[in-house]
Student: 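I am attaching a structure below and will ask some questions about it afterwards.
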Amino acid sequence: MTIQAPKGVPEYVPPQGDEFRYVRDQLATPAILAGYKYIELPYFEDVALYTKGIGESTDVVSKEMYTFTDRGDRQLALRPEGTAGVIRSVIENNLTQNGLPIKIWYAGAFFRAERPQKGRYRQLQQVGIEAIGAESPALDAEVIALGYEAFRRIGLTKFEIQLTSLGDSTTRPHYREVLTSFLSKLDLDSETQERVKLNPLRVLDDKRPEIQKQLVDAPLMINYLSDESKQYHESVKHYLLEAGIPFVDAPRLVRGLDYYTRTTFEFVHSGLGAQSGIGGGGRYDQLMGSLGGKDVSGIGFGLGVDRAYLACEAEGIDIRQALPKSMVLLSIGETHDPYAFKLAQELRANGFIVDYQAHAKNLKSGLKNADRLHAAIAILVGDDEVAANSVSIRMMDSGEQIMVLATNLILELSNRLTLGSNMWKEA
RNA sequence: GUGGGUGUAGCUCAGCUGGUAGAGCGCCGCGUUGUGGUCGCGGAUGCCGCGGGUUCAAGUCCCGUCACUCACCCCA
């Protein structure tokens, strides 16, 4: 038995690797354009951060964390989500000192010890943002808009924004009582009854038809909002409507993490099967305070890069054509290798993406190689070229080929590639 | 944790009521000794997941086991 990757861990090998990287980068771009600053955080944290921050009653904390004890007997956990770590860092580094709100973004891997299935992995990648220390419907709308833009940017169209408000600390307890008393009258299995006690809201999300049937008349949070929360929610919706960002009211929307209050949303894709959520987030009024920081509210989201990538596939989006085109430099026969090697260095120094394939057996096999590598341009260095201090530039799709002086190569390429020239270079 | 499906060539998969292994794609070579893709011809590749059982005979039937996968719970 050869060694395999751990169960439930996705891999993106070439050529998918570059496509995945593209998706991840594009998902982050709207936030960068909006002035959000990057934060690099640890991949493991004190277990207490998550039990206190996310809530012990959540599945994520109670049964899906990868926890371990280090040599100093510290209880640690691979991070299952991003927000708690961001808040911890904001508090620890006093980032709230220099004016609010602070807007940051992050990207990276998260870990959940779940049973894997399509689109649900034990190691998942997210791009996330957080805007901390300000409450205004405009900010909520901005965060939602940035998520919307992110998915649009990679070409997704078959998704919708589901939006609701989970109420504030003054109205939530009352609603919870109402809901609990409703649920306690239903015919539920013991496991679900247990969930009613722990977190009744989550029962609304149950997909089993026999449960859903009983929930048609369930009381909804949206009808129990305080005037203040209601007004705030209406205002958020108004901003979105004005900006032309489509959303649907989702009064039964529930999220898996306990810290969400008021504005709560999810990006749901229709082409993914069971794991349809490609992103989600919301506002958290108490999280900063409960972790020992300033008592201010924040809002953020996490976008699933793995699922976004799957969604592209489901929509038939051709990511490869969006990637930079590549050039292959071929030397025919060994004698020209040093000459070609030097040319490759020069091209790269000028920003071109150049794959140098040394000493092709003959031109035919060299071109075949270039074709297999999906090169858009082949630069040929053979006897004829070297004799004339030249190289040949061959456009692989048209077959058009010209010989130019080596000293003019950079200039020639730059001239020929003016249209969309960034397509040939690494950002 | 619960339920279903699948393990056969590098990949996707076919292989009927048991008779000793196949296709497409890819790969290598030749047609073409400086021109790739298309086309034609030729070629290589398998402990049929693993262990046991039934049988003259097992990829095929039975038992076990491992892995993968989809779905439920839950989540990005």
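Numbered from 1 within each chain, the chains take letters A, B, ... in sequence-line order. Below, each value reflects all heavy atoms present in this structure, side chains not excepted, and no hydrogens, waters or symmetry copies. Here the structure is a predicted model, which means the values were calculated and not measured.
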Student: Between A:D140, A:T264, A:D168, which is the residue that forms a side-chain hydrogen bond (donor to acceptor under 3.5 Å, both in side chains) with A:R283?
Tutor: A:D140

Student: Does any donor atom in the side chain of A:E130 or A:Y284 lie under 3.5 Å from an acceptor atom in the other side chain?
Tutor: yes

Student: Return the set of residues passing salt bridge (charged side-chain N to carboxylate O under 4.0 Å, His left out) with A:E412 (not counting sequence neighbours), or none when no residue passes.
Tutor: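 Counting only residues at least two positions away or on another chain, A:E412 forms no salt bridge (charged side-chain N to carboxylate O under 4.0 Å, His left out).
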
Student: Please report the distance, rounded to the nearest Å, between CD in A:Q117 and C1' in B:G4.
Tutor: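 Result: 13 Å.
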
Student: Could you state the atom-to-atom distance from CG of A:L367 to C1' of B:U33 in whole Å?
Tutor: 15 Å

Student: Sequence neighbours left out, what pairs pass side-chain hydrogen bond (donor to acceptor under 3.5 Å, both in side chains) with at least one residue falling in residues 309-319 of chain A?
Tutor: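 Non-adjacent pairs meeting side-chain hydrogen bond (donor to acceptor under 3.5 Å, both in side chains): A:E19-A:Y309, A:T157-A:E315, A:H269-A:E315.
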
Student: Closest-nucleotide mapping onto RNA chain B: is A:M396 or A:R115 further toward the 5' terminus? I mean the 5' end.
Tutor: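 Of the two residues, A:R115 wins.
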
Student: Let's test this: given Watson-Crick or G-U wobble pairing with both distances under 3.5 Å, identify the partner of B:A67.
Tutor: B:U6

Student: Any donor-acceptor pair under 3.5 Å between the side chain of A:R394 and the base of B:G36?
Tutor: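 By the distance-only test, yes, there is a pair.
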
Student: Report the nucleotide, chosen from B:A76, B:G34, B:C75, that has the shortest atom-to-atom distance to any side-chain atom of A:L380.
Tutor: B:G34

Student: With both distances under 3.5 angstrom, what nucleotide forms a Watson-Crick or G-U wobble pair with B:G1?
Tutor: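 WC or wobble partner is B:C72.
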
Student: Would you say B:G36 has OP1 or OP2 under 4.0 Å from some side-chain N or O of A:K364?
Tutor: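 For A:K364, the contact criterion (side-chain N or O under 4.0 Å from OP1 or OP2 of B:G36) is met.
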
Student: Any side-chain N or O of A:K7 less than 4.0 Å from the OP1 or OP2 oxygen of B:A67?
Tutor: no

Student: Look at the side-chain N and O atoms of A:K368 and state whether any lies under 4.0 Å from the OP1 or OP2 oxygen of B:U32.
Tutor: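 For B:U32, neither OP1 nor OP2 has a side-chain N or O of A:K368 closer than 4.0 Å.
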
Student: From C-beta outward on A:E64, which listed nucleotide comes closest to its side chain: B:C74, B:A71, B:A76?
Tutor: B:C74

Student: B:A21 pairs with which nucleotide, Watson-Crick or G-U wobble, both distances below 3.5 Å?
Tutor: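 B:A21 is paired with nothing.
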
Student: Go ahead and name the base partner of B:C48; Watson-Crick or wobble counts if both distances stay under 3.5 Å, otherwise write none.
Tutor: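 Pairing partner: none.
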
Student: For B:C39, which nucleotide is its Watson-Crick or G-U wobble mate, given both distances must be under 3.5 Å?
Tutor: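 Pair assignment: B:C39 / B:G31.
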
